[in-house]
Amino acid sequence: MSAFARFPARLQQAIVSRLGWTSLRPVQDLAGEAILDGKNAVVLAPTAGGKTEASIFPALANLIANEPEGVGVIYIAPIKALLNNQDERLGTYAEMVGMRRFVWHGDVADSEKRKFVKEPAQILMTTPESLEVMLVSQRSPVAKLFADLRIVIVDEVHALAGTERGAHLMSVLERLIVVSKNDVQRLGLSATVGNPVEILEWLRGTSKREGVVVDPPKQPARRELRITLHESVANIATEAAQLAAGKKSLFFCQSRALTETVADRMRGRGTDVFVHHSSISLEERRAAEDRFNHGTDACIVCTSTLELGIDVGDLDLVLQANAPSTVSSFLQRMGRTGRRAGTTANTTFLCDDPEATLQAVALIELAREGWVERVAVQARCWPVLVHQLLAMTLQLGAISPERCWEHVARVPDFSGITREEFGQVLDHMRREDFLFESAGLLAMGDRAERVFGRRNFMELYAVFSSPVLYRVVTGPGRDLGSLEQGFVDRLVEQMSSFLLAGRAWTVDQVNHQDRIVTVREAPGGVKPSWGGYIPSMLGFELCQRIQQLLVNDTEYPYLDAKAAQYLKEHRASLSDLLSRPAPAVQLEPGVARWWTFAGGRVNHTLKYGLEIKEGWKVVADNFQLRIEGDGITHETVRDAIARMSNEAFWTEPTLRKALLSRLPNYRLSKFQDCLPEPFALEVIEHYLLDVRTTLGWLGGGDALRGRWRSQSL
């Protein structure tokens with residue numbers, strides 16, 4: 001019996017009469033079967049592939065069969081924009097069977113929230129942070145609202161799993177579901193995830209239900225792909241305006257600054273141009289989405305804000321300035337096109353950075369193989385542990401350490417933390433006055449109230465703070481402006497270049513203590529070295545694929561003449577070196593360049609190993625290590641590499657102590673000061689280093705480079 005046949009008659013009739021559907025898609029039928037059977041599920045389908053309906057129709061069937069007391073289904077999205085975008089669709093589906101839905105986030109009026117509390121809707125649409133607000137607020141009768149909660153749907157689950165926001169979501173859910181009389185069913189929706197079985201296990205939490213990954217076979221489809229190389233951003237904007245004329249398109253950029261520059265240069269060329277990024281006001285973003293939806297000759301120039309499933313209608317083109325840093329992002333963005341019958345999914349990469357053309361080729365070729373990044377599910381998420389301890393004291397007023405530990409032990413993102421380590425965190429927080437203990441109960445300490453109590457504890461509702469800004473100054477002290485910490489963390493001293501105030505600058509020094517970046521003017525006409533314009537620490541597999549491009553002689557038909565010529569020239573300069581079985585090391589007087597193509601985290605791991613044990617100065621980016629010091633020869637470098645290939649090298653206590661002492665004082669979390677120093681350093685180490693992959697690569701461990709199947713091109 002099909003899932004549709006198992007739906008209540010009221011739902012069947014609504015689907016046929018209101019939506020005009022005559023059948024379900026394969027993913028909806030398979031997901032419907034699993035969900036109606038009471039299983040937890042991760043549902044995979046391309047963008048616009050019907051995932052929302054695959055989850056909400058069987059959820060509605062559950063509610064129709066036995067109407068809940070209060071909220072029966074929670075739909076969670078990573079961002080408010082996606083909630084707003086799905087509001088009308090889920091509202092229609094609920095209304096057509098006599099149900100209601102309510103959207104709860106920070107922009108919704110308090111008067112509307114009070115109405116919901118008084119008369120709850122059967123479906124609640126919200127974000128992880130807004131759920132936290134509901135738990136902590138005395139005005140939300142959580143026990144009454146969620147006493148009959150049955151299903152939680154997490155949209156774009158890949159954007160949350162493995163992150164601090166994902167850990168926060170899981171902790172909040174475990175705090176919430178204790179009031180429900182049901183074993184709450186967990187459903188995750190995603191277009192691109194490399195390890196769905198692990199994500200399913202993570203999402204399950206304390207649920208005892210069986211689980212299943214719903215991943216129907218993908219139909220082979222033709223894709224239109226182009227990679228073009230241009231002299232400047234101005235040339236990119238000109239080409240983009242020509243391509244976008246008479247069409248509806250999205251133009252993805254890797255930074256807000258580039259978004260603004262490209263949009264400004266595209267205006268006045270016959271196409272309506274809108275801008276969409278996180279610094280744009282909510283009203284402006286909504287206006288852009290609305291005008292774009294009803295236009296026929298329009299382009300939205302955007303950052304990743306339009307990557308996560310937000311529906312802006314049928315698209316003709318996806319344009320990409322340079323290249324995103326992951327296959328997942330590439331597939332998400334390309335998946336915005338080809339949704340109408342007779343149309344083809346497409347992406348045109350417009351690059352002004354030659355290295356970005358190689359990155360784009362590597363992304364395409366990995367996707368053609370069906371590879372996509374796996375989500376590294378975590379088990380020692382220290383910042384969120386601290387955040388949740390403080391949130392529970394705010395929610396309950398006072399709580400025993402034993403009850404706190406009972407909760408911590410239920411959350412998968414804390415599963416690697418021992419009871420002894422938990423006690424060390426409590427001891428530190430008591431000493432530093434983040435927690436106060438009286439009569440065996442923990443309450444919020446005075447220091448926590450000072451730090452997080454601003455604006456009625458708004459700082460405590462979210463895991464993240466507003467961006468930390470670094471001043472950018474020249475050597476003589478001229479103030480050029482500011483950069484966000486996330487960008488600064490990826491800068492490499494003496495190597496990285498960036499644009500600010502309309503000019504190119506090279507980084508001399510990064511002072512994390514005073515939050516100052518000292519720069520000098522970049523030499524005229526000199527391109528940044530490898531990694532200079534790379535937007536983030538690239539992954540190991542992507543960088544290894546870029547190396548493969550340089551050592552083979554494959555021709556890629558989607559490259560334009562300039563991009564193909566650049567690939568040819570780069571092969572000529574590096575192919576012989578990279579093809580040798582020995583490490584690819586180039587020697588200059590007193591300097592060695594080791595071309596690893598191993599990604600940012602592996603290269604930083606190698607950097608610290610060499611600096612600590614050899615006393616050399618090492619600068620690392622995604623593709624190479626630049627090594628300076630006395631006694632550098634091919635033999636000494638090879639010997640150092642051989643020593644690092646041994647697991648004992650990395651587990652030796654003095655090296656680990658020295659390594660931790662050298663980690664930069666990155667401010668990765670506003671809760672870092674709440675942690676004992678070893679755990680705070682562990683947070684930085686996890687962000688910057690990857691010993692496991694480093695060892696696997698040095699030792700030829702192909703198993704560590706395993707391919708995880710997902711959506712293929």
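Bear in mind that the values here come from a model prediction, so they are computed numbers and not experimental data.
By the 30° and 60° cut-offs, the orientation of the rings of F597 relative to W595 is parallel.
Side-chain N/O atoms of N603 and T596 include a donor and acceptor closer than 3.5 Å. At a cut-off of 3.5 Å, with distance as the only test, no side-chain donor of Q548 or E365 sits close to an acceptor on the other residue. Side-chain N/O atoms of E355 and Q359 include no donor and acceptor closer than 3.5 Å.
When all heavy atoms are compared, the tightest approach of V507 to V510 is CG1-CG2, 3.8 Å. Nearest heavy-atom pair, W650 versus M644, reported as atom, atom and distance to 0.1 Å: NE1-O, 2.8 Å. Across all their heavy atoms, D352 and L229 have their closest contact at C-CD1, 4.4 Å. Minimum heavy-atom separation, G629 to W616: CA-CD1, 3.9 Å. The heavy-atom pair separating S325 from Q254 by the smallest distance is N-NE2, 4.1 Å. Pairing each heavy atom of A237 with each of M266, the nearest pair is O-CG, 3.6 Å.
Relative to the six-membered ring of F252, R333 meets both conditions, a distance below 6.0 Å and an angle of at most 45° to the axis.
Side chain of R571 to backbone of L549: a donor-acceptor contact under 3.5 angstrom is found. Looking at E652, its side chain does come within 3.5 Å of a backbone N or O of T654 through a donor-acceptor pair. Proximity of a side-chain donor or acceptor of E156 to a complementary backbone N or O of A159 within less than 3.5 Å is not detected. Put simply, the side chain of T636 gets close to the backbone of T633: a donor and an acceptor are under 3.5 Å apart. A distance-only check finds a donor-acceptor pair linking the side chain of N195 to the backbone of V375 [under 3.5 Å]. A donor-acceptor distance shorter than 3.5 angstrom exists from the side chain of R601 to the backbone of H686, with no hydrogens or angles considered. Judged by distance alone, with hydrogens and angles left aside, the side-chain atoms of E224 form no donor-acceptor pair with the main-chain N or O of A345 at under 3.5 Å.
A salt bridge is defined here as a Lys NZ or Arg NE, NH1 or NH2 lying under 4.0 Å from an Asp or Glu carboxylate O, and K617 with E611 fails to meet this definition. Ion pairing between E555 and K568 fails under the 4.0 Å rule for side-chain N and carboxylate O.
Listed by chain and number, the residues in a ring pair (Phe, Tyr, Trp, His ring centres under 6.0 Å) with Y558 are Y556 (sequence neighbours excluded). Not a single ring pair (Phe, Tyr, Trp, His ring centres under 6.0 Å) links F251 to another residue, sequence neighbours left out. Listed by chain and residue number, W382 satisfy the ring pair (Phe, Tyr, Trp, His ring centres under 6.0 Å) test with F679 (two or more places apart in sequence, or in another chain).
The CG atom of L350 lies 10.5 Å from the OG1 atom of T238; values are rounded to the nearest 0.5 Å.
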